[in-house]
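Just so it is clear: chains get the letters A, B, ... in the order the sequence lines come, proteins before strands, and each one is counted from 1. The structure presented is a predicted model; accordingly, all values stated were derived computationally and were not measured. Atoms considered below: every heavy atom in the structure, side chains included; atoms not considered: hydrogens, waters and symmetry mates.
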Amino acid sequence: MELLERTHIGELAQHIGQVIRIRGRVDTIRDQGKIIFIMVRDRSGIVQTVAWFGDEEIFKTAKTLTSESVIDITGEVKEAKQVACGYEIGIKTLNIDSLAQTPLPIAIEAEHTDNVTALDKRLDYRWVDLRSRRNQLMMDVATTMGASFRQYCVDNGCVEINAPRVISAASESGANVFEVKYFDRKAYLAQSPQFHKQMGIASDLERVFNMGPVFRAEKSFTTRHLTEYTSFDVELGYIDSYKDVCKYEQEMIKTMLTNVKAKYGDKVKEVFGIDIKVPEGDFPYLSVAEAKEKLAKAGVESKDTGDFSPEEERAMGEIMEKETGCEFVFVIDYPHARRAFYHMKNEENPKLALGYDLFWKGLEITTGAQREHRLEELKANATERGMELDGQLKDYLEYFEYGCPPHGGFAIGTERVLMKMLGFGSILETTYLPNTPNRLGKLLSKIAVEKKK
RNA sequence: GGAGUGGUAGCUCAACUGGUUAGAGCAUCUCACUGUCACUGAGAAGGUUGCGGGUUCGAGUCCCGUCCAUUCCGCCA
């Protein structure tokens, strides 16, 4: 018999009365003795299929099925008033593509279950874990988020670059880089595409963006840190102020949220219980000094006048949302000494940097700034911090020797954005296969061990 | 790097001041059931209580060591 083309389960309503073919996974089996109901799901939806004892071959095969097996069914889409969606599939052929072993090593997160497996174990079996409706939706939202950021940049005059991930010198402080062997010499995994995206400005690409992995060798045990994460970086030439950068990022985020809401808003509301809000108007600005005043008024303890503790960040998010109705806030006027040396100083008050952090619901999702493009000032900033101009910085400083436009940019931690958008408690959950100080390629080593047996 | 919490069945958790054979829900397996839809009913199987040592007549429980997980802080996106 000639095989039909596959129909996605979500489109079955348009095929009532027809014989179609579906391929997907066994969700639940309800065996009634002489009639078996098999719920089959694919990425587009779920449908009830029916096997009768009269169809001996089919019935025999159906009896051997296990939950989570992969099957291939042809059958007729029939109206059925007993079923919530109004139709079901009468099975005409049933093939098992892949039989799943039982029981499953973890519980797949679903409605009506309260024994959700611990995250650590779920990550060990991530390929099973990702089958849940919640995680499928998360992956869809993540895709739309990335595509929206990218498209916004393309639509606004940016060129996409792919800065090297393996580099010869540490791009930032130097303390938190992973060292790798590069033939017979040392190399490093990039902590940020910062220097190379600035090179794009010196190359007259005018506006550039870079989406890709960055690596941080920090033993951070929190719900918001990874050793490898995906950074969305933008650098804009010919700006007048770092506020041009803020505006650009603000519009980029609003566009992304609009797209996600249009495509998945209802589902996100249903599955995560979160109403995606697209902010109206501009995100508020708040100076560090003003923020500290507000925090003091609210009785939140502060140990540092130049930066915020996580507790302060959360409190600041709540205070600002109450005052302005906006979940986002640009925090500005940080002390220059506490920021990267390549941030431009504020001429009116050289102790302050022309940079910002963007917070969403109490979490830092971005650092941005106007960069120092004037070679002498840049050298002075570096020297001020005891950095060697002839050392690792030499290549970077050369970008400014043959003329470089004024510019500024920012970097977004995409997993953090996803975490806040969907209300996850940990960034590990929003990462396909998270790497942390304690978790590195565990999945792959597990497979290697099982093959040896 | 610092501080806290935890590790008991495939999964989620119980087990009082140390005391009989370490329990439950879900999942799994077997049987029954022709309309279920979180199917139902009956039954079964499933444990080196993370690992090593110690105290005790007796340790899941107390002590020491060790490994693992997790949360918070520091650092950052």
- Item | Intra- and interstrand pairs of RNA chain B - dot-bracket, Watson-Crick/G-U under 3.5 Å, | marks other strand | (((((((..((((.....[...)))).(((((.......))))).....(((((..]....))))))))))))....
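- Residue contacts shown for A:E68 are absent, as no nucleic acid heavy atom lies under 4.0 Å away.
- The phosphate of B:C68 (OP1 or OP2) has no side-chain N or O of A:N438 nearer than 4.0 angstrom.
- Contact annotation: A:R122 side-chain N/O to B:G10 OP1/OP2 distance is not under 4.0 Å.
- Residues A:P434 and A:L123 meet the side-chain proximity criterion, which asks for heavy atoms closer than 4.5 Å.
- Separation of the P atoms belonging to B:G25 and B:G4 is 38 Å when rounded to the nearest angstrom.
- Atom pair A:K420:NZ and B:C76:P shows a separation of 19 Å (rounding to whole Å applied).
- Both A:V116 and A:V83 lie near RNA chain B, and the one whose nearest nucleotide falls closer to the 5' end is A:V116.
- The stretch residues 31-57 of chain A touches RNA chain B through A:D31, A:Q32, A:G33, A:K34, A:I35, A:F37, A:Q48, A:W52, A:F53, each having a heavy atom under 4.0 angstrom from the strand.
- Summarising the geometry, the separation between CD1 on A:I89 and P on B:U36 is reported as 20 Å, rounded to the nearest angstrom.
- Comparing the P positions of B:U48 and B:U56 gives an interatomic distance of 28 Å, to the nearest angstrom.
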- What do the steps show when you test A:D282 against A:Q250 for side-chain hydrogen bond (donor to acceptor under 3.5 Å, both in side chains), and what is the final call? CA-CA 7 Å; A:D282 293 338; A:Q250 168 191 303; 2.8 Å; yes
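- An OP1 or OP2 oxygen of B:C73 is reached within less than 4.0 angstrom by a side-chain nitrogen or oxygen of A:R314.
- Backbone-only contact: A:A118 has heavy atoms under 4.0 Å from sugar-phosphate atoms and none from a base.
- With rounding to whole Å, A:I29 atom CD1 is found 16 Å from B:U40 atom C1'.
- Using a cutoff of 4.0 Å between basic side-chain nitrogens and carboxylate oxygens, A:K345 and A:E384 are scored as salt-bridged.
- Remark: of the listed residues A:T430, A:T230, A:T431, A:T230 is the sole one forming a side chain to side chain donor-acceptor pair (under 3.5 Å) with A:E415.
- Using a 4.5 Å cut-off on side-chain heavy atoms (C-beta onward), A:L226 and A:L428 make contact.
- Listed candidates were B:C73, B:C76, B:C75. Nearest to the side chain of A:E218 is B:C75.
- Both tests hold for A:R339 against A:Y334: distance to the six-membered ring centre under 6.0 Å, angle to the ring axis within 45°.
- Separating the C1' atom of B:A77 from that of B:U5 is a span of 28 Å, rounded to the nearest Å.
- Look at A:E312 and A:K292 and you find a salt bridge, because one of the NZ, NE, NH1 or NH2 atoms lies within 4.0 Å of a carboxylate O, short of that distance.
- Atom pair A:Y87:OH and B:U36:P shows a separation of 20 Å (rounding to whole Å applied).
- The stretch residues 226-234 of chain A touches RNA chain B through A:L226, A:Y229, each having a heavy atom within less than 4.0 Å of the strand.
- Among the atoms of the strands shown, none is found under 4.0 Å from any heavy atom of A:Q101.
- Atom P of B:U30 sits at a distance of 47 Å from the matching atom of B:U66, rounded to the whole Å.
- Between the P atoms of B:G47 and B:A22, the separation comes to 12 Å (whole Å).
- Across B:C75, B:C73, B:G35, the shortest atom-to-atom separation from the side chain of A:P310 is found for B:C73.
- Rounded to a whole angstrom, the distance from the C1' atom of B:U70 to that of B:G54 is 28 Å.
- Residue contacts for A:I412: at a heavy-atom cut-off of 4.0 Å it reaches no nucleic acid atom on any strand shown.
- Between the side chains of A:R216 and A:Y229, at least one donor N or O sits under 3.5 Å from an acceptor N or O.
- Ion pairing between a basic and an acidic side chain is recognised when a charged N comes within 4.0 Å of a carboxylate O; A:K267 and A:E270 show no such pairing.
- Applying the 3.5 Å distance criterion, the base of B:C75 shares a donor-acceptor pair with the side chain of A:S220.
- When the nucleotides B:U36, B:C11, B:A77 are ranked by their closest atom to the side chain of A:T117, B:C11 comes out on top.
- Every pair passing salt bridge (charged side-chain N to carboxylate O under 4.0 Å, His left out) that includes a residue from residues 31-48 of chain A is listed here, sequence neighbours excluded: A:R6-A:D42, A:D27-A:R41, A:D31-A:K63, A:R41-A:E68, A:R43-A:D140.
- For B:C75, the OP1/OP2 oxygens have no side-chain nitrogen or oxygen of A:K219 closer than 4.0 Å.
- A donor-acceptor pair shorter than 3.5 Å can be found between the side chains of A:T93 and A:T74.
- Two residues are said to be in side-chain contact when any heavy atoms from C-beta on lie closer than 4.5 Å; A:M256 and A:V417 meet this criterion.
- More than 12 heavy atoms of other residues, nucleotides or ligands lie within 6.0 Å of CG in A:D97, so this atom counts as buried by the packing criterion.
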- Message: Pair A:N156, A:Y248 - check side-chain hydrogen bond (donor to acceptor under 3.5 Å, both in side chains), show working.
- Response: CA-CA 9 Å; A:N156 284 277; A:Y248 183 100; 5.2 Å; no
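- Rounded to whole Å, the separation between the C1' atoms of B:U49 and B:C68 comes to 16 Å.
- The pair A:E429-A:R122 meets the salt-bridge criterion, since a charged nitrogen lies less than 4.0 angstrom from a carboxylate oxygen.
- For the pair A:D124 CG and B:C68 C1', the computed distance is 11 Å after rounding to whole Å.
- Distance, A:Y334 OH to B:C76 P: 11 Å, rounded to whole Å.
- Side-chain contact check for A:F149 versus A:F209: every heavy-atom pair is 4.5 Å or farther apart.
- Using a 4.0 Å cut-off between charged nitrogen and carboxylate oxygen, A:R126 and A:D129 count as a salt-bridge pair.
- Distance noted for atom P between B:A27 and B:U12: 15 Å (whole Å).
- With hydrogens and angles left out, the side chain of A:R30 and the base of B:C33 share no donor-acceptor pair within 3.5 Å.
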What's touching nucleotides 41-44 of chain B from the protein side, N or O pairs under 3.5 Å?
none

- Assign a letter to each nucleotide of nucleotides 24-31 of chain B from its 5' end: B, base within under 4.0 Å of a protein heavy atom; S, sugar-phosphate only; -, no contact. -BBSSS--
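- For the residue pair A:Y285 and A:E290, no side-chain donor N or O sits within less than 3.5 Å of a side-chain acceptor on the partner.
- Between A:T223 and B:C72 there is a side-chain N or O to OP1 or OP2 distance below 4.0 Å.
- Where A:A411 and A:Q82 each meet RNA chain B at their nearest nucleotide, the meeting point lying more 5' is that of A:Q82.
- Pairing each heavy atom of A:P213 with each of A:R165, the nearest pair is CD-NE, 3.5 Å.
- In this structure, the side chain of A:Q370 does not engage the main chain of A:H343 through any donor-acceptor pair within 3.5 Å.
- Summarising the geometry, the separation between NE2 on A:H225 and C1' on B:G1 is reported as 14 Å, rounded to the nearest angstrom.
- A:K121 places its NZ atom 8 Å from the C1' atom of B:C11, with the value rounded to the nearest Å.
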